[in-house]
Amino acid sequence: MSVTSSDSAAYSGALEGSNAKRGLWSSRLAFILAATGSAVGLGNIWKFPYVTGENGGGAFVLVYLLCIAVVGIPIMMAEVMIGRRGGCSPVKSLSLIAERDRLNSAWKLVGAVGILAGFLILSFYSVIGGWAISYVGTTASGQLAGQSAEAVGAIFSGLLSDPTTLLAWHTLFMALVMVVVARGVRSGLERAVSILMPALFVLLLIVVGYAMTTGHFGQAAAFLFQPDFSKLTTSGILVALGHAFFTLSLGMAVMMAYGSYLPKNISIAKTSMAVSVIDTGVALLAGLAIFPIVFANGLEPGAGPGLIFQTLPLAFGQMPMGSLFGTLFFVLLIFAAWTSGISLLEPIVEWLEERKGMNRTVSTLGAGIVCWALGIASILSLNLWSDFAPLGFVPMLEGKTIFDLLDFFTANIMLPLGGLLVALFAGWVMSRQAMERELSLSPAMFNLWLITVRFVTPVAVAVVFIYNLM
Ligand code: PHE
């Protein structure tokens, strides 16, 4: 991480027993960059458009935005706050705070849920990262130029039906993640975020510009922003909530880990807000880039996880300099996925180091290889095992492959559950005084935040869970 190791004096508020010699982010910007690197990833560009398409558009987007504002931002603040207060790895931070405030150390479970969720998410995330790698070659070779929607669709189906190629790209993606995590220092990477994220943003704008010329931009904007509540289902609400956690990297203690490096004088509220706004902006732009192409080509908005790979290549095949823009776009997408992937692997590696006394290289190799092996199940779900629905006897999980199940359980169950525990911990367990000091908000804002994490978030998560179980 991009931290300065010298300045531990600024960290005088660290709890006893925490590792106060840990470095700190060199600036507020460094933290924002790292947190944005984790938040902005495949969730924004791959997942947001396809879950929006599957769930009928506008009303889903509205619920998602509400979840970001009412649940996501307050929880992000809580996570960063807990991390900074504890001053070490999430599991240790929670138990330190719990011990000092004589609280039940069962709260470390929050960290444990997070570690497991990150590990499971990375197993399929890396497979999708592999798709992006594969599309760099597809675009660069110029084979998309002037292609029809059918031909572009066939290229994608060809990729999915080929386990060996998928495995090769999945392996490469996982290796990229492991190399950085094993080395432990990624200041270079975080600095790169400050150049490459804006570049990704610009490329998205270019695709949006192209999308405007398709003649279907208005229809796409209406699809995204005109809520039609008849299309909203209870499971859609669960997906929106789960996606709010997924896209902001919440509920698995990532922001807690990053918060532990945040200097005391930096506003947690402002930084959390900044990260959330950037993340949401990227997702909405991706939606505006993709849906005009969907409608212009008579494609199905609910086409599922392949949506961006069936639409964006069409745009790159048709726009001027499309091969260049397309190649750049997929390279930047890989980068965005890479920085997120790192933050998914980091918690388990940190835990193995701290708890099992393994060194960083060994823990990275161990966790990475097991995660990679699990990814093979997701790869096979796309072809040889595409009809295999292990939990198909549960009505809600009918037809879900292993890949679908991993996505469903992590994003829609584990992350909101982790977030719920964080909200309960901050809202009901931590000392109010400590939190006031950490957040340094005006009394009115502090109370608003406290009411949200005490009542609004837990009730919202519980209601959505219960409705979906019924
Ligand atoms: N937020 C990342 C994305 O949108 C995924 C992620 C989830 C990363 C949870 C870390 C933790 O792609």
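Just so it is clear, the model here is predicted, and its values are computed rather than measured. Residue numbers start at 1 and run along the sequence shown. Basis for what follows: all heavy atoms, side chains included, without hydrogens, waters or symmetry-related copies. Order of appearance sets the numbers: ligands from 1, and atoms from 1 within every ligand.
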With distance as the sole criterion, is a donor-acceptor pair present between the side chains of W372 and T171 under 3.5 Å? yes

Working to the nearest 0.5 Å, report the span between CD1 of I268 and CE of M435. 11.5 Å

Show me the pairs that pass salt bridge (charged side-chain N to carboxylate O under 4.0 Å, His left out) and involve residues 402-414, at least two apart or across chains. K47-D407

Side chains of T139 and T327 only: does a donor on one sit below 3.5 Å from an acceptor on the other? no

Would you tabulate the polar-atom pairs, meaning N/O of ligand 1 against N/O of the protein, with distances under 3.5 Å, reported to 0.1 Å?
from: ligand 1; atom 1: 1 (N); to: S38; atom 2: O; distance (Å): 3.3
from: ligand 1; atom 1: 1 (N); to: A39; atom 2: O; distance (Å): 3.0
from: ligand 1; atom 1: 1 (N); to: F246; atom 2: O; distance (Å): 2.8
from: ligand 1; atom 1: 1 (N); to: T247; atom 2: O; distance (Å): 3.1
from: ligand 1; atom 1: 1 (N); to: S249; atom 2: OG; distance (Å): 3.0
from: ligand 1; atom 1: 4 (O); to: A39; atom 2: O; distance (Å): 2.9
from: ligand 1; atom 1: 4 (O); to: G43; atom 2: N; distance (Å): 3.3
from: ligand 1; atom 1: 4 (O); to: N44; atom 2: OD1; distance (Å): 3.4
from: ligand 1; atom 1: 12 (O); to: L42; atom 2: N; distance (Å): 3.1
from: ligand 1; atom 1: 12 (O); to: G43; atom 2: N; distance (Å): 2.8
from: ligand 1; atom 1: 12 (O); to: Y125; atom 2: OH; distance (Å): 2.5

Can you list, pair by pair, the side-chain donor-acceptor contacts under 3.5 Å of residues 304-311, counting residues two or more places apart and other chains?
from: T311; atom 1: OG1; to: L307; atom 2: O; distance (Å): 2.9
from: T311; atom 1: OG1; to: I308; atom 2: O; distance (Å): 3.4

Sorted by first residue and then second, give each salt bridge (charged side-chain N to carboxylate O under 4.0 Å, His left out) pair with at least one member in residues 276-285; sequence neighbours left out. none

